[in-house]
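Note that these values count all heavy atoms, side chains included, but never hydrogens, waters or copies made by symmetry. Just so it is clear: chains get the letters A, B, ... in the order the sequence lines come, proteins before strands, and each one is counted from 1.
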Number of protein chains: 2
Amino acid sequence: MLFSKTCEYGIRAAVYIASQSDKTEKTGIEEICENIEAPRHFTAKILQILTRNHLLSSQKGVNGGFYMTAEQLQQPMIVLVEAIEGKEVLSKCGLGLKACSEVEPCPLHNKYASIRNNIKQMLSGVTIKDMAVSLQTGKAFLKID
Amino acid sequence: MLFSKTCEYGIRAAVYIASQSDKTEKTGIEEICENIEAPRHFTAKILQILTRNHLLSSQKGVNGGFYMTAEQLQQPMIVLVEAIEGKEVLSKCGLGLKACSEVEPCPLHNKYASIRNNIKQMLSGVTIKDMAVSLQTGKAFLKID
DNA sequence: ACAATAAAAGACAAAAACATCCTTATTTAA
DNA sequence: TTAAATAAGGATGTTTTTGTCTTTTATTGT
Ligand code: FES
Ligand code: FES
């Protein structure tokens, strides 16, 4: 519905990495994928993208892995989503018209634009850290056993 | 974002057909596609699906085409969407967990479930006819010139 | 230095979504 | 009763998304 598989895996992985960010050791791709039930190599690609976009940090070599800086932990979800789905995703027309505009709106525009706004608010108002905390406190999960 | 191309074309086509339902003549696929700027054959397939699901009516042969009964005009959008995207689409987990549940929620569950509810409301509260009327009164459009 | 480790990168494969084309079935007007 | 029109159906093709496998590059502990 809202997110592509790529985006789902990306968010889940980032949240897992964030949830491990108290520890000093970095988190390897293997461990990440086990804990979020995502395909190993595909997820690695996604993390590459996020790393290039400076939403994650990584280190190669022995004892390497992924980790997040304090700054990265404070990023709102919307930054992650836009990095993966593209900046435009939250301004396109819901019925697929070439542009979403008030001047020539589609028949769903009013209601859709309002919901799209809710989505934006949700994604802007939740940081990766917020989500990680809900994991750490056992209030939320990244896979179902 | 919300809808697949298939769904977008399906909705646009249905709304166009609805907007022509005052006339006695039925509406051909050619005319439909011109007016919604959608691919001819692909859209035809989608209309087949909607017709099989009794959300549209059709007639073959000379002067045939698509049309909608009074009852069909009153269907809320959600019926269209579920016919195309599948019934489950509005109850799946936003982060792709196997199930969306209150018991083992994903970290986005609370906010996502609420938005998903808004979407359901929007789609339940708008009939195809409603959208067609906004077209007919020039308040909305199905393509941008 | 060297071997081991782990991410990055690139090539490839499978599945799904999107799209076209051709044939068939049905209807109607002439 | 026949020809034209029009949707339905089936086969096929293309593109995008999703996923795997292999090689390369960087880092580090020994
Ligand atoms: S024009 Fe369709 S959502 Fe704005
Ligand atoms: S569990 Fe993820 S949206 Fe409900």
Handout entry: Interatomic distance, I36(A) atom CD1 to E34(A) atom CD [nearest 0.5 angstrom]
Key = 11.0 Å

Handout entry: same_hphob_cluster(V133(B), L142(B)) at 4.5 Å side-chain heavy-atom cutoff
Key = no

Completion exercise
From CE of M68(B) across to C1' of dA7(D) the rounded distance in Å is 17 Å

Problem - E88(B) atom CD, neighbour heavy-atom count above 12 within 6.0 Å - result: yes

Handout entry: Phosphate contact (dT17(D) OP1 or OP2) by T6(A) side-chain N/O below 4.0 Å
Key = no

Problem - Gap between atoms CG and C1', on N53(B) and dA8(D) respectively (whole Å) - result: 15 Å

Practice task
Using a cut-off of 6.0 Å, state whether more than 12 heavy atoms not belonging to K129(A) lie near its atom NZ.
Solution key: no

Exercise for the section: Output yes when at least one side-chain N/O atom of S58(A) is less than 4.0 Å from OP1 or OP2 of dA8(C), else no. Expected result: yes

Handout entry: d(CD1, I17(A); C1', dA7(C)) in whole Å
Key = 12 Å

Restricting both atoms to N or O, compile the protein contacts to nucleotides 28-30 of chain C shorter than 3.5 Å, with distance only.
from	atom 1	to	atom 2	distance (Å)
dT28(C)	OP1	Q59(B)	NE2	3.0

Completion exercise
Sorted by number, residues from residues 77-99 of chain A placing a heavy atom under 4.0 Å from DNA chain C are none

Practice task
Find the distance M1(B):CE to dA17(C):C1' and express it as a whole number of Å.
Solution key: 19 Å

Exercise for the section: Return yes if some donor-acceptor pair links the side-chain N/O of R40(A) with the main-chain N/O of C33(A) below 3.5 Å, else return no. Expected result: no

Practice task
Take the protein atom CZ of F3(B) and the nucleotide atom P of dC18(C), then report the distance between them rounded to whole Å.
Solution key: 13 Å

Problem - Atom pair distance, as rounded to whole Å: OH in Y9(B) and P in dA17(C) - result: 15 Å

Exercise for the section: For DNA chain C, find the residues of residues 23-52 of chain A with a heavy-atom distance under 4.0 Å and give them by number; none if there aren't any. Expected result: T27(A), G28(A), I29(A), K45(A), Q48(A), T51(A), R52(A)

Problem - side-chain contact (heavy atoms from CB on, under 4.5 Å), paired with M68(B), selected from L50(B), L55(B), T27(B), L73(B) - result: L73(B)

